[in-house]
Structures are given as structure tokens and as C-alpha cells.
Novice: 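This is the structure I have questions about; it appears just below.
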There are 2 protein chains.
Amino acid sequence: MPKPRARNAVYAQSGGVTAVINASACGVIEAARRHRSHINRLYAGRDGIVGILTEDLIDVAAEAPATIRGLRHTPAGAFGSARFKLKGLEQNRAEYERLIDVFRAHDIGYFFYNGGNDSMDTAHKVAQIGTELGYPIACIGIPKTVDNDLPHTDCCPGFGSVAKYIAISTLEGALDVASMARTSTKVFVLEVMGRHAGWIAAAGGLAGRKRGEPPHIILFPEIAFERELFLERVRQCVADFGYCVIVVSEGAKYPDGKFLAEAGTKDAFGHTQLGGVGPVVANMVREALGFKFHWAVADYLQRAARHIASRVDVEQAYAVGRAAVDYAVQGQHGVMPAIKRLSSKPYRWKIVPVPLAAVANVEKTVPRNFITPDGFGITAACRRYLEPLIGGEDYPPYANGLPRYVRLRGRGVRRKLPGGYSLK
Amino acid sequence: MPKPRARNAVYAQSGGVTAVINASACGVIEAARRHRSHINRLYAGRDGIVGILTEDLIDVAAEAPATIRGLRHTPAGAFGSARFKLKGLEQNRAEYERLIDVFRAHDIGYFFYNGGNDSMDTAHKVAQIGTELGYPIACIGIPKTVDNDLPHTDCCPGFGSVAKYIAISTLEGALDVASMARTSTKVFVLEVMGRHAGWIAAAGGLAGRKRGEPPHIILFPEIAFERELFLERVRQCVADFGYCVIVVSEGAKYPDGKFLAEAGTKDAFGHTQLGGVGPVVANMVREALGFKFHWAVADYLQRAARHIASRVDVEQAYAVGRAAVDYAVQGQHGVMPAIKRLSSKPYRWKIVPVPLAAVANVEKTVPRNFITPDGFGITAACRRYLEPLIGGEDYPPYANGLPRYVRLRGRGVRRKLPGGYSLK
């Protein structure tokens, strides 16, 4: 039997970055090096899919092995990521054809796309169009999203670390407020990410175990916000405990579907850009109840907080990257390595392939039985689910008081296609 | 020579809490246990000076030694702190007399007051009035403030940890923005504490070493904010580097002294901006230059972030607590243990006593030679000063993914004075 010819591979990061997306990159790169008979050279799109469309590829082989190892403890997108959603096949078939042109020019046989919902959809479409155009390509999606909203996987790499950061921040901020509530701030509001799914907000709930322990109120996107109910709960908390800690999701909305914080601007995908629900809620409390308040908005700090990453999350991020390559060289395509939970205590898991078609454009929100009947807290079932995901610490190395995060050389691959390409 | 009679002591926490104020408490308590011949029982004011005035004292001896050891790694004020400034002696002499009454009732010979500027002033006044009233008491101030604005000490315990947190957060947030700037956010604003002194903002500057490395702009309270100059710098940064990271102090102000945060700007709906200099600056950039932006407000998270405390800061916080007791039993009073820098590389320091009278009500701001001529960055001299203060990590123990912060039993001391006391 003739040995299959080795082909090249391309890896790209997509969408909002996380504390551990580079750990997935590290898994891809280290696995590819073990499969030389299948994967010849590994390239990466500079700034994600944008780099592939513009034939701006990074030569991964030019990076030192120590740099590649360092990706495991370096947050954000070392190769550059992009908020760039390919349009539907009908609307812009040319974009997909351009991808195939670039792949063909560089003899790309494997495409590893590391992203969330939209990216799984893109990877799925690229696989389809490749086949149609007579250029079959093994497309593997690698899950990544702090939003934790991909289906058919126990969790999404990136989420465990933001969950750990938010749980710890809630705990620490609450200790601060508790120690001074008698003469100072009575209400503390922490705004967290999560546009449609309240997983990150739910993670704030891990900070408290017993009744009365903060956070006292969580505002989920999944639960319609009822102003009077909320204010009454705040009043009661301050009366009972002397203070009130609130974790609010950026996606919290009124019963009519309107976000509490509507910035009015839209992002590249046409989604409304949020941010600022923390001060909105804090001011609502002050106006209605008069309590002295403080609010914090963690914003990017939460998803880049590699300094306090979850060890489980780092291990899973690396594992899905490695599995993506293993699947590809085994001849699988159109799949995503997913995490399957085998047990919660102790937490045991394995990686299994799921079809991209089943993952693309399906959003997993927090189920109702994970939220207490009053809508303001998490249940024991939710805690059983979440707790293992923040397990363990995985500290980066330090020098002069700061983490030693690596930077890539980022040497470009020589272009093969004539002319340039303008992004639509 | 007759052995001096052992007296009781009281410890109180004051003002905004920090990640390491409990490490100072730990130093006080463990040192007091080594000086039984001088210090009989150690009490703490519940919620600081408020607990002393209301004769609501915590019996420290009722806490398990493991809990006391755990204070070293537990943030915020375990005994409760207070924003409660005693009035001047002329305006409310009765408050000071009440303190002496409580001290007399409980045979208190030593008063350890752990706080910032106001607290050093209070400790100083208590010492004076005690002498006047024929109840001499050894008053020792223990420095604590994230603002780092006390004079006659190299730094203030609490600052090193918030500096480390802000430097790391700036680094991590900047990596996030850098990886996505091509298609997404171009300007990231991080708001930090420091109403009058820009030390915390300066610490953000540690994140970058070379030209072009973020943060690109720091806005100090010490430098009058010039809108046009600032906007031009933002525009230039985005042109040169593709993005711009801004660290802004909550105390940044216009040349006329008005805080940016109080500028009274209105949002698109005509509502007054909801406070927070971070969003004010971000919106200013968007309106003038149109860049997509994100902003974060760390608020209490920064001063409670024990999970990433500076080891140097923890050691200094413990050392000033221990020294306070050592000084007291040596017969010193009216002093504050201060940190004296012996060398920067390697960082060596020792504890020395300074008179409370010299510390009270003096505010140390960032000197002009620590800020670059353009007013937007830190100089090499500033870096030499700051870098040692964030040196080393001192991780708390973890269980189930969260730090194991201790909580006190907080058993009260039996009251000895008749009737109650109403706070003025």
C-alpha cells in the first residue's frame, strides 16, 4: 500500500480570545510535530481567517520550541485572532473559493479552526465547498469560547479560566465590601461577560456556599429582569446581612427583551455592543434605595487572566488541540474534539469527536434547573457542574514580578498567489 | 527593679482595606504572643474605631492559631474596618474621651491603629489626649494604603499588591486587544484607583518595557488632562501600533481641577454619564476618533486581589505589624514602623520608626521626574522604584478551585461600661 503523501496544514484563531486558546495552539503544534508523515509544514493565519484570505501566513516552524511550549501559559491570541464572519455561501461564494485557492497554492490538506459558534459553522462550510470544488480538505474545529455556549461538549476551553477568575473576584470583592459595610459601601455590583448565556455569571455563584454568603444576587440573561423584585431583594439583603453583592451578566434583559445596558453601537457581526450594565444596575439601586455603592467591570481582564487560569481548563485546551491533529491524521474531518464528562467527583473526562454540523449555530444556555426558583442564584446541580471546571491552578513563570508571556517571531510564508486580496 | 505590669492591647483596622492588611494583623498578633510579659490580652475593634467607641471588642485569643496564620493570606479586613474619621479635638473632644474611657475600662496600654493618612493623625491625637487625661497609652500607627501616599516610608503595605495586580491586568488586557485589533477593538481603557496620587496608574506602566509596548498612555492625577493632546496621542498610537492601551487614574482631572469623571457628560439619550472615568475617556475617544473601544473598571477587585499578591508586599505588611508590637514593648510610642529602602537591585529594606506627627496629614504624590516629559508614561527612575515592590508571588492555599481565605469566630469581649454609645 502506498504511503499517503504528507500535506501542509493551517491553523487559525477566531473570535474573542481566551486565557488558554494558545494552549490549544500549543497542542496542535506539538501534535503536528509527531505526525511528520502526514503533516509536512504547519502554518497559521495571521489574525485568523483574515490572514488566510489575504495569504498572510505565519511559518510555525520558525518559532523556537521554547516559544511553542510557552504558548501553553500565554493568554490571548498569539497568532492574532479576528472578528470576521464569512457570509453565507449564497451571499459570498467568492470568499470560500478564495480560501480554497490559498489552500491549493500552499498544498494545505488540513484546516484547524479554533473558535466558537460562528467558527464551527465556517469550518463546516469550508469542508463542504472544498468537496464541491474538487479540493477535499480535512476541516477540524477546535472549541474555544469563554461563553461556554457550544453544545455536545461538557464545556468550552476558555470558560473554566474565566469562571475561576470571576469566582475568585466575586469572593475577594465581597470580602472587601463585607469588611466595610457598616460605615461605607453597602452594595457591590460586578459586571461579567456573557451576552446570551449566563455561564460566567453563574460561576460568580461559586464564591458562596452557605445561605447569606455572597454573591446574594445573580442576574442571568436567561431570566427576565424584574425591577421591583430585584430591588426588594437588594433591600432585604442589606437588612439581613448588612450588604449585598450582585453579579450581573452583560446580557441581562427586561421581560421585553431589551438589554439593561444598550450601548447602541454594533460590532462586526451586527450584534449590539454591550457594556455598562454594572453602573446601570448600581445607579438603579442608589436611586431607589439610597445605598452607597461600588461597581466593577472586568471586561477583557476576565478572559485574559492567564495568571489565575484553571488547570483543568489549560489541560482541556491543550487536549482538544492535540486531538484535532490526531483526528485529522486518522482521516476524520468535519468534526470537533469535544469534552465528555465521565464523572464529577473526581472530575474525569475524555475527548470525543462530534460532527461540526451538529455544533454549528446551536447555542447552549444555562438550563432552568441550574438556576434557583427565584431566578437569583445557582442550584446544587449547577455547582456540581461548574466546580470541577475551575479545579487546580496552573501558574505561569514569573520574572521581575510579571508573568513571562511569550511573543512569536511571526515570520511570514512566501506568497504564491499573484496580486492582493481585498476583504469584503 | 520591679517587672512592669502586663497591660492589654487593642488593634483596629481603618479605611479602605487591602490584600495584605490582615498580614499586618497577623504580625501584630503573633508578635504580641511573644511578649506576654508586656501584653496580656489582645483585643481588636470590631469594624475598626467604631468597635472601640461602642465597646464592641473582639477577643483575639478565641481564634485558633491556624486562623491567625491564615490571616497572612486572607484579603480585606478580617476584623472589620471603618470609614470613620474622628473630628478635631476642638470639635468633638468627647469622642477622644470616650476612647480613653474604653481603654481604661479594659486596661488597654497599647493601641495599634492600622490605616492610612487619617488614621495616623487619629493615633497621634489619641496619644496626646491620653496624656492630657492622665491615661498614657502607647499609640503605634501601622501603615496601610493602596494609594501609597504616606511620607517617610519607601512604600505603603497594600500598594505592592495592587501595583502587581494592575501591572498584570494591563499586560493581559493589552495582549487581548493586540491580538484582535485588526478587526475589532482598537482602544482599551483600564480605570484604576488613586484619587490624588497616581502611584497605581504608574504601576500599569510596568507592563511595557520597550517603546511601543502597552500601556501607550497613562493619565495621572498629577498631570492636568489636555483633551487635544491626549486625542492626538491616541490617534498616533493606533496609526503606529494598530491599537492603544490607556491606564487612567480615577483622579485624572482637567487643568481647572475638575475631575474627568465628574465632567457631566451625557450619553446618546441625554442621561448624565453614570460615573467612572474609564467610560468617560473611552467615549471621548469614540466621539472624536471613531475607534471601537472597550473599558474595564477594576474597582475593589484591585485592592482585594490576594490571589496575586506581591510577596514583598506580604512580607512588609507582616513586618510592620510585628515591628509595631516590638516598638510598643520597647517603650516607644507615637511612632509608625516605616519601610526604609537599602538597595533597589536586589531589593533590600528594613523597618525603622518614624514619628506619627511627621506622617499625619502629609500626602506623597508621584514626583514629576517619575513621569515622562510628555506626561503620558513612567521614567526609568519610576520603574526602578516600582519594580521591586511587585516582586515575588505569595499564593494562598486552594480548595475546590478557590482560595481558602479564613474567617474569624469574632467572639466579643464582655462589656464593662454602663449603657450604650451613639456614634456622632
Side-chain angles (χ1 to χ4, degrees), chain A residues 13 16-17 47 50 74-78 80-84 164 167-169 171-173 175-180 182-184 188 206-207 264 267-268 275-276 278-280 283 294-301 303-308 310 387 390-393 395 398 400-403 405, chain B residues 13 16-17 47 50 74-84 164 167-169 171-173 175-180 182-184 188 190 206-207 268 274-276 278-279 292 294-301 303-308 310 387 390-393 395 398 400-403 405:
Chain A
Q13 302 182 322
V17 294
D47 300 319
V50 167
T74 297
S81 186
R83 284 213 182 280
F84 186 87
K164 188 179 185 88
I168 292 175
S169 296
L171 174 63
E172 292 180 335
L175 283 174
D176 188 316
V177 181
S179 31
M180 304 196 59
R182 186 157 168 190
T183 54
S184 185
F188 178 61
L206 292 173
D267 70 11
V280 166
N283 275 281
H294 261 245
W295 51 266
V297 178
D299 195 62
Y300 287 164
L301 306 191
R303 71 183 196 189
R306 183 61 183 83
H307 73 273
I308 192 59
S310 149
E387 206 164 67
I390 67 165
E393 295 69 53
Y395 299 120
Y398 278 72
N400 300 319
L402 290 173
Y405 296 141
Chain B
Q13 302 181 322
V17 294
D47 300 320
V50 167
T74 298
F79 297 93
S81 187
R83 284 213 182 281
F84 187 88
K164 189 179 184 88
I168 293 175
S169 296
L171 175 64
E172 291 180 334
L175 284 174
D176 188 315
V177 181
S179 34
M180 305 196 60
R182 186 157 169 191
T183 55
S184 184
F188 177 62
L190 173 60
L206 292 173
L274 298 170
K292 180 164 160 37
H294 262 246
W295 50 268
V297 178
D299 195 62
Y300 286 164
L301 306 191
R303 71 182 197 191
R306 182 60 184 82
H307 73 272
I308 193 58
S310 148
E387 204 164 68
I390 68 166
E393 295 69 55
Y395 299 119
Y398 277 73
N400 300 317
L402 289 174
Y405 296 142

Novice: Taking all heavy atoms of A:Ser179 and all of B:Asp47, pick out the closest pair and write down the distance.
Specialist: O-OD1, 4.1 Å
Novice: Using a cut-off of under 4.5 Å on heavy-atom pairs, state which of A:Ala305, A:Ala178, A:Gly392, A:Ala78 scores highest against chain B.
Specialist: A:Ala305
Novice: Quick check on B:Ser310 against chain A: is it the side chain, the backbone, both or neither that has a heavy atom closer than 4.5 Å?
Specialist: neither
Novice: Report yes if some heavy atom in the side chain of B:Tyr395 is under 4.5 Å from a heavy atom in the side chain of A:Glu393; otherwise report no.
Specialist: no
Novice: Checking B:Gln13 against chain A: side chain, backbone, both or neither under 4.5 Å from a heavy atom?
Specialist: neither
Novice: For B:Leu301 and A:Ala296, work out which heavy atoms get closest and say how close.
Specialist: CG-CB, 4.2 Å
Novice: Would you call the rings of B:Trp295 and A:Trp295 parallel, tilted or perpendicular if under 30° counts as parallel and over 60° as perpendicular?
Specialist: perpendicular
Novice: If you measure from CD1 on B:Ile390 to CG on A:Asn400, what distance do you get to the nearest 0.5 Å?
Specialist: 8.0 Å
Novice: Answer with side chain, backbone, both or neither: which region of A:Ile308 has an atom nearer than 4.5 Å to a non-hydrogen atom of chain B?
Specialist: side chain
Novice: What I'd like to find out is whether the side chain of B:Asp176 reaches to under 4.5 Å of the side chain of A:Pro75, using heavy atoms alone.
Specialist: no
Novice: Between A:Tyr300 and B:His294, how do the two ring planes meet: parallel, tilted or perpendicular, split at 30° and 60°?
Specialist: parallel
Novice: So, A:Thr183 side chain and B:Arg83 main chain: donor-acceptor pair closer than 3.5 Å or not?
Specialist: yes
Novice: Under 4.5 Å, counting heavy-atom pairs only, tell me which of B:Ala298, B:Ser184, B:Gly278, B:Gly173 racks up the most with chain A.
Specialist: B:Ser184
Novice: Can you name the side chain to side chain donor-acceptor pair (under 3.5 Å) partners of B:Tyr405, sequence neighbours left out?
Specialist: A:Glu172
Novice: Of all of B:Thr74, B:Leu206, B:Val17, which one pairs up most often with chain A through heavy atoms under 4.5 Å apart?
Specialist: B:Val17
Novice: Could you tell me which portion of A:Arg182 (side chain, backbone, both or neither) has an atom closer than 4.5 angstrom to a non-hydrogen atom of chain B?
Specialist: side chain
Novice: On the 0 to 90° scale, with breaks at 30° and 60°, tag the A:His307-B:His307 ring pair as parallel, tilted or perpendicular.
Specialist: parallel
Novice: Treating A:Lys164 as the side-chain partner and B:Leu402 as the backbone partner, does any N or O pair qualify as donor plus acceptor under 3.5 Å?
Specialist: no
Novice: Checking B:Ala207 now: which residues fulfil side chain to side chain contact (heavy atoms under 4.5 Å, CB included) with it, not counting sequence neighbours?
Specialist: B:Thr170, B:Leu171, B:Pro215
